[in-house]
**Q** 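Shown below is the structure under consideration.
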Amino acid sequence: MILEWFVGFHYGAFRNYQGKIYLQGWFGHVEIWGYTRDDTWLFLDPQASGPIIIVEHRHDDVMDQLNARHALCDLILRLPNERKPLFPLHFPMNCATVVGQIVGVRAFTPRGLRRKLLANGAEVIHENPERRSTGQGGPAEGAPSLRT
């Protein structure tokens with residue numbers, strides 16, 4: 001069982017982090033990761049071309065993934081795993097609906113998901129204000145440990 005979730009938000013842009021045109025990125029993107037009691041980490045990136053699922057246990061591999069998330073995500077929220085049961089969704093799912101389903105929140109856009117998670121008490125642990133104000137910028141400097 002996942003003990004704590006981390007939700008990473010990418011602000012809207014016409015190009016992805018690789019510089020390729022990505023029209024669906026106009027509304028932003030959301031990914032999620034968390035850890036279990038035995039320090040096994042699950043990383044889930046629900047992309048339109050198919051989800052990317054990574055399960056890591058080795059410390060160095062986990063730190064590489066966490067550093068990558070800090071570099072790519074403009075905002076990272078931390079919240080405990082207190083999943084509330086939701087009815088199944090029957091419409092096409094996007095990244096925000098998938099992540100919302102995992103954490104027990106209904107949302108259709110990354111902006112709506114972010115707003116609902118913050119209203120429910122999620123803690124901001126990383127924010128890149130330069131990218132939020134201009135929509136541009138590079139990776140954030142440094143990547144502090146996510147666990148205290």
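Sequential numbering from 1 along the given sequence is applied to the chain's residues.
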**Q** Work out which heavy atom in G112 is nearest to a heavy atom in A107; give both atom names and the distance.
**A**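 Closest pair (atom of G112, atom of A107, distance): C-CB, 4.1 Å.
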
**Q** Can you name the nearest heavy-atom pair linking C73 to H10, along with the distance?
**A** SG-NE2, 3.8 Å

**Q** Compare all side-chain heavy atoms of I2 with those of I102 and state whether any distance is below 4.5 angstrom.
**A** no

**Q** Does the side chain of N120 reach to within under 4.5 Å of the side chain of V103, using non-hydrogen atoms?
**A** no

**Q** Can you tell me how far apart CD (E123) and CD1 (I76) are? Round to the nearest 0.5 Å.
**A** 12.0 Å

**Q** Side chain to side chain contact (heavy atoms under 4.5 Å, CB included) with I54: which residues, sequence neighbours excluded?
**A** F43, I52, E56, Q65, R69

**Q** How many angstroms lie between CD in Q47 and NE2 in H29, if you round to the nearest 0.5 Å?
**A**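 One finds 5.5 Å between CD of Q47 and NE2 of H29.
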
**Q** Determine, stepwise, if the pair D45 / I32 fulfils side chain to side chain contact (heavy atoms under 4.5 Å, CB included).
**A** CA-CA 7 Å; D45 187 355; I32 189 168; over 6 Å; no

**Q** Please lay out, stage by stage, how F9 and L113 fare under the test side chain to side chain contact (heavy atoms under 4.5 Å, CB included).
**A** CA-CA 10 Å; F9 293 88; L113 178 63; 4.2 Å; yes

**Q** Given side chains that start at C-beta, do those of L77 and I125 come closer than 4.5 Å, heavy atoms only?
**A** no

**Q** Determine, stepwise, if the pair H70 / N67 fulfils side chain to side chain contact (heavy atoms under 4.5 Å, CB included).
**A** CA-CA 5 Å; H70 264 76; N67 287 334; 5.6 Å; no

**Q** Rounded to the nearest 0.5 Å, what's the gap from CG on D39 to NE2 on H59? Could you check?
**A**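 Result: 9.0 Å between the selected atoms.
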
**Q** Out of curiosity, D74 CG to H126 NE2, how far, rounded to the nearest 0.5 Å?
**A**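 Taking CG in D74 and NE2 in H126, the distance rounds to 7.0 Å.
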
**Q** Within the 4.5 Å heavy-atom criterion, are L42 and W5 side-chain neighbours or not?
**A** yes

**Q** Does some side-chain heavy atom of T36 sit less than 4.5 Å from a side-chain heavy atom of L3?
**A** no

**Q** Relative to each other, are the rings of F6 and W33 parallel, tilted or perpendicular (30° and 60° limits)?
**A** parallel

**Q** Please say yes or no: joined through hydrophobic side-chain contacts below 4.5 Å, possibly via intermediate residues, are V30 and I53 part of one cluster?
**A**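 V30 and I53: one cluster.
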
**Q** Is there side-chain contact between L79 and L117, with heavy atoms separated by less than 4.5 Å?
**A**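 Yes, close enough: below the 4.5 Å cut-off.
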
**Q** According to salt bridge (Lys or Arg N to Asp or Glu O under 4.0 Å), who are the partners of D61, at least two apart in sequence or on a separate chain?
**A** R58

**Q** Given 3.5 Å as the limit, does a donor-acceptor pair link the side chain of K116 with the main chain of V105, or not?
**A** no

**Q** Between L66 and M63, is any pair of side-chain heavy atoms under 4.5 Å apart?
**A**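 A side-chain contact under 4.5 Å exists here.
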
**Q** For a 4.5 angstrom cut-off between non-hydrogen side-chain atoms, does L44 reach P51?
**A** yes

**Q** Could you state the interatomic distance from OH (Y11) to CG (L75), rounded to the nearest 0.5 Å?
**A**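 Here the interatomic distance stands at 4.5 Å.
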
**Q** Give me the atom names and distance for the closest heavy-atom approach of F108 to N94.
**A** O-ND2, 2.8 Å

